[in-house]
Amino acid sequence: QVQLVESGGGLVQPGGSLRLSCVASGTIFEIAAVGWYRQAPGKQREMVARITSDLSTHYADSVKGRFTISRDIAKNTVLLQMDNLKPEDTAVYYCNLLGRISSLYPMRDYWGQGTQVTVSS
């Protein structure tokens with residue numbers, strides 16, 4: 001069983017910064033990618049940033065230059081540094097891991113419980 005636990009959300013003023021953290025636990029045989037998604041009220045969940053197994057990083061156009069994703073493999077942790085936050089960044093942010101627990105199982109998505117980020121003055 002793979003578990004993802006997020007932390008670091010909260011209320012911040014426009015232009016401010018937050019850092020989200022996601023710690024993974026459980027049996028993980030192979031990881032294809034880890035990343036962050038978000039979902040605002042009335043909108044579909046969207047990819048924010050992700051790191052693939054070759055350590056390539058990918059960002060949504062709306063966050064390029066403001067958000068930075070990083071991964072600490074030894075600590076099974078994925079971080080999302082969010083700078084120059086805007087009101088439109090307000091959403092529930094979810095940690096995601098695409099992986100499998102054994103060579104006998106297919107790749108699948110695992111999700112954290114989500115953490116609220118609110119950008120408002």
Side-chain angles (χ1 to χ4, degrees):
Q1 184 77 6
V2 176
Q3 290 188 324
L4 304 175
V5 178
E6 303 113 330
S7 61
L11 173 64
V12 64
Q13 292 185 343
S17 298
L18 281 175
R19 189 175 74 164
L20 303 183
S21 177
C22 173
V23 179
S25 62
T27 302
I28 306 172
F29 171 75
E30 181 182 359
I31 298 175
V34 291
W36 292 90
Y37 289 67
R38 67 186 180 188
Q39 187 166 20
K43 294 188 177 181
Q44 290 188 332
R45 189 174 297 189
E46 63 174 356
M47 190 275 290
V48 176
R50 66 198 302 248
I51 299 178
T52 52
S53 57
D54 62 356
L55 301 183
S56 297
T57 56
H58 307 269
Y59 295 93
D61 288 342
S62 59
V63 307
K64 282 181 181 177
R66 301 188 298 121
F67 290 12
T68 303
I69 189 170
S70 61
R71 179 182 173 187
D72 186 333
I73 296 175
K75 295 182 179 180
N76 287 333
T77 300
V78 181
L79 302 175
L80 184 67
Q81 178 66 39
M82 305 186 293
D83 297 317
N84 190 21
L85 282 160
K86 303 177 180 180
E88 51 264 42
D89 294 319
T90 296
V92 178
Y93 284 69
Y94 296 92
C95 181
N96 170 267
L97 184 152
L98 176 62
R100 54 180 175 169
I101 60 172
S102 163
S103 60
L104 301 177
Y105 288 81
M107 290 283 185
R108 57 155 287 186
D109 285 301
Y110 296 89
W111 297 94
Q113 79 285 356
T115 184
Q116 177 71 45
V117 171
T118 302
V119 184
S120 175
S121 56

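Computed from a predicted model, the values in this text were never measured in an experiment.
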Enquirer: Taking CD in Glu88 as the centre, count heavy atoms belonging to other residues, nucleotides or ligands within less than 6.0 Å. Is the count above 12?
Expert: yes
Enquirer: Do Val23 and Val92 belong together in a cluster built from hydrophobic side chains that touch within less than 4.5 Å?
Expert: no
Enquirer: Please say yes or no: joined through hydrophobic side-chain contacts below 4.5 Å, possibly via intermediate residues, are Tyr105 and Val2 part of one cluster?
Expert: yes
Enquirer: Could you give me the CA-CA distance, side-chain angles and deciding distance for Ser7 and Thr115, then say whether side-chain contact (heavy atoms from CB on, under 4.5 Å) is met?
Expert: CA-CA 7 Å; Ser7 61; Thr115 184; over 6 Å; no
Enquirer: Determine the minimum heavy-atom distance between Ala49 and Leu80, stating which atoms define it.
Expert: CB-CD1, 4.1 Å
Enquirer: Atom CE in Met107, atom CD in Glu30: separation rounded to 0.5 Å?
Expert: 3.5 Å
Enquirer: Which atom names give the shortest non-hydrogen contact between Ser120 and Pro14, and what distance separates them?
Expert: C-CD, 3.6 Å
Enquirer: Do the non-hydrogen side-chain atoms of Asp72 and Leu79 ever get within less than 4.5 Å of each other?
Expert: no
Enquirer: Is the shortest side-chain heavy-atom distance between Ile28 and Asn76 below 4.5 Å?
Expert: no
Enquirer: Do Leu104 and Ile31 belong to the same hydrophobic cluster, where Ile, Leu, Val, Met, Phe, Trp and Tyr are linked whenever their side-chain heavy atoms lie under 4.5 Å apart, directly or via other members?
Expert: yes
Enquirer: Could you pull out the closest heavy-atom pair between Ile51 and Leu55, with the gap in Å?
Expert: CG2-CA, 3.8 Å
Enquirer: So does Lys86 pair up with Asp89, basic N to acidic O under 4.0 Å?
Expert: no
Enquirer: Looking only at heavy atoms, what is the nearest atom pair of Arg50 and Ala33, with distance?
Expert: NH2-CB, 3.3 Å
Enquirer: Looking at Ile69, is its backbone amide N or carbonyl O close enough to the side chain of Tyr59 to form a donor-acceptor pair, meaning the two atoms are under 3.5 Å apart?
Expert: yes
Enquirer: First locate atom OG1 of Thr57, then atom CZ of Arg71, and finally report the distance between them rounded to the nearest 0.5 Å.
Expert: 13.0 Å
Enquirer: Might you work through the side-chain contact (heavy atoms from CB on, under 4.5 Å) test for Leu20 and Val117, ending with a clear yes or no?
Expert: CA-CA 9 Å; Leu20 303 183; Val117 171; 4.1 Å; yes
Enquirer: Measure the spacing between OH of Tyr37 and CG of Asp109 and express it to the nearest 0.5 Å.
Expert: 6.5 Å
Enquirer: Quick one: does Glu46's side chain get under 4.5 Å of Arg38's, heavy atoms only?
Expert: yes
Enquirer: With rounding to the nearest 0.5 Å, note down the distance linking CD in Gln116 to OG1 in Thr90.
Expert: 7.0 Å
Enquirer: Evaluate Met82 against Val119 for side-chain contact (heavy atoms from CB on, under 4.5 Å), listing each step before the verdict.
Expert: CA-CA 11 Å; Met82 305 186 293; Val119 184; over 6 Å; no
Enquirer: Is Leu18 reachable from Val63 through a run of hydrophobic residues whose side-chain heavy atoms are each under 4.5 Å from the next?
Expert: yes
Enquirer: If you compare all heavy atoms of Met47 against all heavy atoms of His58, which two are closest, and at what distance to 0.1 Å?
Expert: SD-O, 4.1 Å
Enquirer: Indicate yes or no for a side-chain donor-acceptor contact from Glu6 to the backbone of Gly114 under 3.5 Å, with no hydrogens or angles considered.
Expert: yes
Enquirer: Going by the angle between their ring planes, with limits at 30° and 60°, are Phe67 and Tyr93 parallel, tilted or perpendicular?
Expert: tilted
Enquirer: Hey, does Arg45 have a side-chain heavy atom less than 4.5 Å from the side chain of Trp111?
Expert: yes
Enquirer: For Leu4 and Cys95, which heavy atoms make the closest approach, and how far apart are they?
Expert: CD1-O, 3.7 Å
Enquirer: Begin with the C-alpha distance, continue with both residues' side-chain angles, and end with the deciding distance and a verdict on side-chain contact (heavy atoms from CB on, under 4.5 Å) for Ile101 and Tyr110.
Expert: CA-CA 11 Å; Ile101 60 172; Tyr110 296 89; 3.5 Å; yes
